[in-house]
> 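Sharing a structure with you now.
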Amino acid sequence: MTLVSLAGMLRKARCEGYAVGGFYAWNLELVQSVVNAAEGECSPAVLLINQTGLNYAGLEYYAAFAKKAAEKATVPIVLHLDHAQNLELVTQCIRCGFSSVMFDGSAFPLETNIELTRKVVEAAHGVGVSVEAELGRVPRAGNGLPVEVSEASMTDPDEARRFVDTTGIDALAVSVGTVHGLYKRYARLDFNRLKRIGDLTDVPLVLHGGTGIPDDAVHKAVELGVCKINVGEALRRAYLNGLKGALGNNSGKNDVMDVLASARLEAENVVRGKMRLFRSAGKAD
Ligand code: 13P
């Protein structure tokens, strides 16, 4: 197994009725948390990083260790750029070996989003890289508290059909009530809207804001065509809690590697739990 494209991974997930987790991995230890969890659970996984994370780590450093981790993994791993807002970053990541990119043109009017997404698809598909794009807008929670997800920011099913047909994307991120960065409450999903989008499009659907989706809603969403769920906040919290615990007065941990290993393990356990919840565990064949 090795670094694979998102398109093939999601095709299998769709056929077999599970979702693959996209997990934020901002540094070396978190990349290891995700890959270790995937190997331990015999699950496929998607490593996620965005522009901010790449600014922190440096694109070439990050791509080198994340790609190596994926290539050496015993299970399929996708290296995915999340929420790119310009073509330049997409091109740089493709050059550095990412196997999948998400272009987020959701802030633009529909026609501009279509035009820019098509350009990304053209550049990416030419070299075997998959493309996810977003229609509608998934809001961000303030301080872990939900913001109102207005109807206007949700994905319109008819527009989704046109968007998918005219862009040729491999996966569509939809706004159906989820919120980025939620941890104090759960999101309420608009399943009727999700069903209509699934009925009208023939593409794997993606939910962002995976931390704030209740367990039973995950399973219903998968039944309606969701094949990838992104998780960031839950990992961020687990990793930071692991660090805090290991740095606490009574932990007896004074070595940098011991402290980082504790955080890595906390995050790995969260990823393992999500893989079981998403039913991707045992699906890495
Ligand atoms: P959460 O941080 O809410 O889990 O969402 C992550 C995400 O959707 C990244 O694209």
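Both ligands and their constituent atoms are indexed starting at 1 by order of listing.
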> Taking only non-hydrogen atoms of Gly212, do any sit less than 4.0 angstrom from ligand 1?
no
> Does the side chain of Ser100 come under 3.5 Å of the side chain of Ser130 through a donor N or O and an acceptor N or O?
no
> Heavy-atom count around Arg118 CZ within 6.0 Å, excluding the residue itself: above 12?
no
> Would you check whether Gly181 reaches within less than 4.0 Å of ligand 1, judged by its heavy atoms?
yes
> What's the shortest distance from atom 6 (C) of ligand 1 to any protein heavy atom, and which residue and atom give it?
Gly232 N, 3.5 Å
> Can you list the atoms of ligand 1 that are under 4.0 Å from a heavy atom of Gly210?
4 (O), 5 (O)
> In terms of relative ring orientation, are His180 and His208 parallel, tilted or perpendicular, with 30° and 60° separating the classes?
perpendicular
> To the closest 0.5 Å, what do you measure between OG1 (Thr178) and CG (Asn230)?
9.5 Å
> Surrounding CD of Glu16 (heavy atoms of other residues, nucleotides or ligands, distance under 6.0 Å), is the total greater than 12?
yes
> Return the closest protein heavy atom for atom 2 (O) of ligand 1 as residue, atom name and distance.
Glu233 N, 2.7 Å
> For the pair Ser175 and Arg137, evaluate side chain to side chain donor-acceptor pair (under 3.5 Å) and give the outcome as yes or no after the intermediate values.
CA-CA 6 Å; Ser175 174; Arg137 208 161 165 65; over 6 Å; no
> Would you check whether Tyr24 has a nitrogen or oxygen atom less than 3.5 angstrom from a nitrogen or oxygen atom of ligand 1?
no
> May I ask you to identify the nearest protein heavy atom to atom 4 (O) of ligand 1, giving residue, atom name and distance to one decimal place in Å?
Thr211 OG1, 2.5 Å
> Which part of His83 is near ligand 1, with near meaning a heavy atom under 4.0 Å away: side chain, backbone, both or neither?
side chain
> Go through the side-chain N and O atoms of Tyr24 and Asp82 and say whether any donor and acceptor fall under 3.5 Å apart.
yes
> Using a strict cut-off of 4.0 Å, indicate which atoms of ligand 1 neighbour a heavy atom of Val179.
3 (O)
> Note the single closest protein heavy atom to atom 10 (O) of ligand 1, along with its residue, its atom name and the distance in Å.
Asp82 OD2, 2.6 Å
> Is ligand 1 less than 4.0 angstrom away from at least one heavy atom of Val138?
no
> Among all the protein's non-hydrogen atoms, which is closest to atom 8 (O) of ligand 1, and how far away is it?
Gly209 N, 2.7 Å
> Quick check: are there more than 12 heavy atoms from other residues, nucleotides or ligands sitting under 6.0 Å from CZ of Arg279?
no
